[in-house]
Amino acid sequence: MRAPDVIVVGGGVVGASVAFHLAREGLAVALLERDGLAAAASGAAAGMLAPIGEARAPGALLGLGLLALRGFETLCAELRERSGIDPQYVVSGAMRIALSDDEAESLRARALALLADRELGVELEWLDPAAARALEPGLSFAARGAIWSPLEGHVSSPLLTRAYAEAASALGASIETGTPVEGLVCEGNAVEGVRTRAGRRPAGAVVLCAGAWTPGCLGWLPGARADLLPVVPVRGQTVTLEAPPRPRPGVIVSGNRAYLVPKRDGALIVGATEEHVGFDCRVTAAGVRGLLDAAPSLVPELQGASFRCASAGLRPGSPDGLPALGAWPDARGLFVAAGHHRNGVLLSALTGCFVADLVRGKALADEARALALERFAGPRSPG
Ligand code: GLY
């Protein structure tokens, strides 16, 4: 069997997208995933495509998030066509509500600042409480106003991951689940493949896309500088409810307390905790209780919703909330894409494009400068 040009380590939404974008550029790709596709954070993610809320202020996260959002319709059409899997992209609109007068004041100021920045080209509207309730009749009377952004929405994160992988496979990529990678094959300062239980797997390049586990993979490289990838696990728990249908179901977000993401099949995902508990990805009583309390505080009738399930995933948290991408210094042939924190689904396609450029020897695209690995570099220790 011919060695692939590239081995991608990790079958979450980022790894699957990287595999797809590399295969679309004509490279021979093998994706190796230790469990199943979307088995970790990508399986628990609610799939929100909502850059306006995730980025508190204009900056790289907002710019890239808006760019990514604008590409989703075309992306999902292409993935449907190539893979036969529908990622369930819905432009539902998203409402960010304020639950106090102070919060309304700061949310309104944020809306005005975003609107004033004409280059951003965001589409949004400030709604007073009556207007917010007219749009979302079930909304709590506690809502003191809201930002409405009609172009945001959601996808199914597990289906998007499978669609990327299946589309990559249709382009010739080998998607290998249940295949843990146990090390890198190094020759001098070049990375020439990976080690699995079944032996060495040579490749022209290796891309590490293992989410919160990526820094651990770098431990396979003698002397790797941990400061370049300060990615840590951040647990996010969600609960899924079966909710009575709303006339025009949109995403509802309340500060960083909670969000509601209505899915096409009638499920309503309530997210999410943000917990620094290491690699503990259990669902906990406290996490579920907090989410079950938060849901009816936004839409009171959810008190009567039925409970479907709860999940937890470990986000790959990064200090600035942005992913870190790049060729690993001093290790020819090794690339990294990790640290997507709360925005792996939204930024997955852009990440795939940027990494495909890097692997093909191009420079990081201008708009991706803020994602360069080097931004975390501390001073090099002497010697
Ligand atoms: N994207 C939302 C979250 O990570 O909870």
Side-chain angles (χ1 to χ4, degrees), residues 12-14 17 38-56 59-62 64-69 72 87-97 147 149 151-161 211-212 231-241 250-263 267-277 280-284 286-288 290-292 294-295 298 309-324 338-351:
V13 72
V14 171
S17 169
S42 306
M48 254 197 309
L49 303 173
I52 292 167
E54 291 294 329
R56 305 258 145 232
L61 182 54
L62 183 59
L64 287 165
L66 290 169
L67 183 65
L69 181 66
F72 252 87
Q88 307 214 340
Y89 171 56
V90 179
V91 185
S92 60
M95 188 178 278
R96 277 179 193 82
I97 63 171
I147 293 179
S149 64
L151 301 183
E152 293 181 316
H154 52 91
V155 283
S156 159
S157 170
L159 288 176
L160 178 66
T161 307
V231 167
V232 295
V234 181
R235 184 168 68 190
Q237 301 186 49
T238 59
V239 301
T240 301
L241 305 176
V251 170
I252 298 178
V253 184
S254 163
N256 52 13
R257 285 181 292 265
Y259 50 77
L260 308 177
V261 185
K263 294 296 177 180
L268 182 79
I269 301 184
V270 184
T273 63
E274 258 203 32
E275 302 161 87
H276 290 260
V277 290
D280 174 355
C281 63
R282 288 174 308 127
V283 170
T284 65
V288 170
L291 295 166
L292 291 179
L298 308 182
C309 62
S311 340
L314 298 176
R315 304 178 186 88
S318 72
D320 56 9
L322 285 166
H340 291 67
H341 197 35
R342 297 176 59 99
N343 291 289
V345 173
L346 178 66
L347 299 181
S348 57
L350 285 183
T351 300

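In this text, all values refer to a predicted model and were calculated from it rather than measured experimentally. Indexing begins at 1, ligand by ligand and atom by atom, following the structure's order.
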For this session: Hey, could you give me the CG/CG distance between L49 and L151, rounded to the nearest 0.5 Å?
Result: 11.5 Å
Seminar exercise, completed: Of V232, V14, V231, V234, the one forming a side-chain contact (heavy atoms from CB on, under 4.5 Å) with P316 is V231
Seminar exercise, completed: Per-atom filter on ligand 1: closer than 4.0 angstrom to a heavy atom of A272 are 5 (O)
Problem set entry | Between CD on residue Q237 and CG on residue L291, distance to nearest 0.5 Å | 7.0 Å
Problem set entry | Check: R315 N/O within less than 3.5 Å of ligand 1 N/O | yes
For this session: Quick one: look up the protein heavy atom nearest atom 1 (N) of ligand 1 and list residue, atom name and how far away it is.
Result: R342 O, 2.7 Å
Exercise. For atom 2 (C) of ligand 1, which protein heavy atom lies nearest, and how many Å away is it?
Worked result: Y259 OH, 3.4 Å
Exercise. What pairs with R96 under salt bridge (Lys or Arg N to Asp or Glu O under 4.0 Å), at least two apart in sequence or on another chain?
Worked result: E152
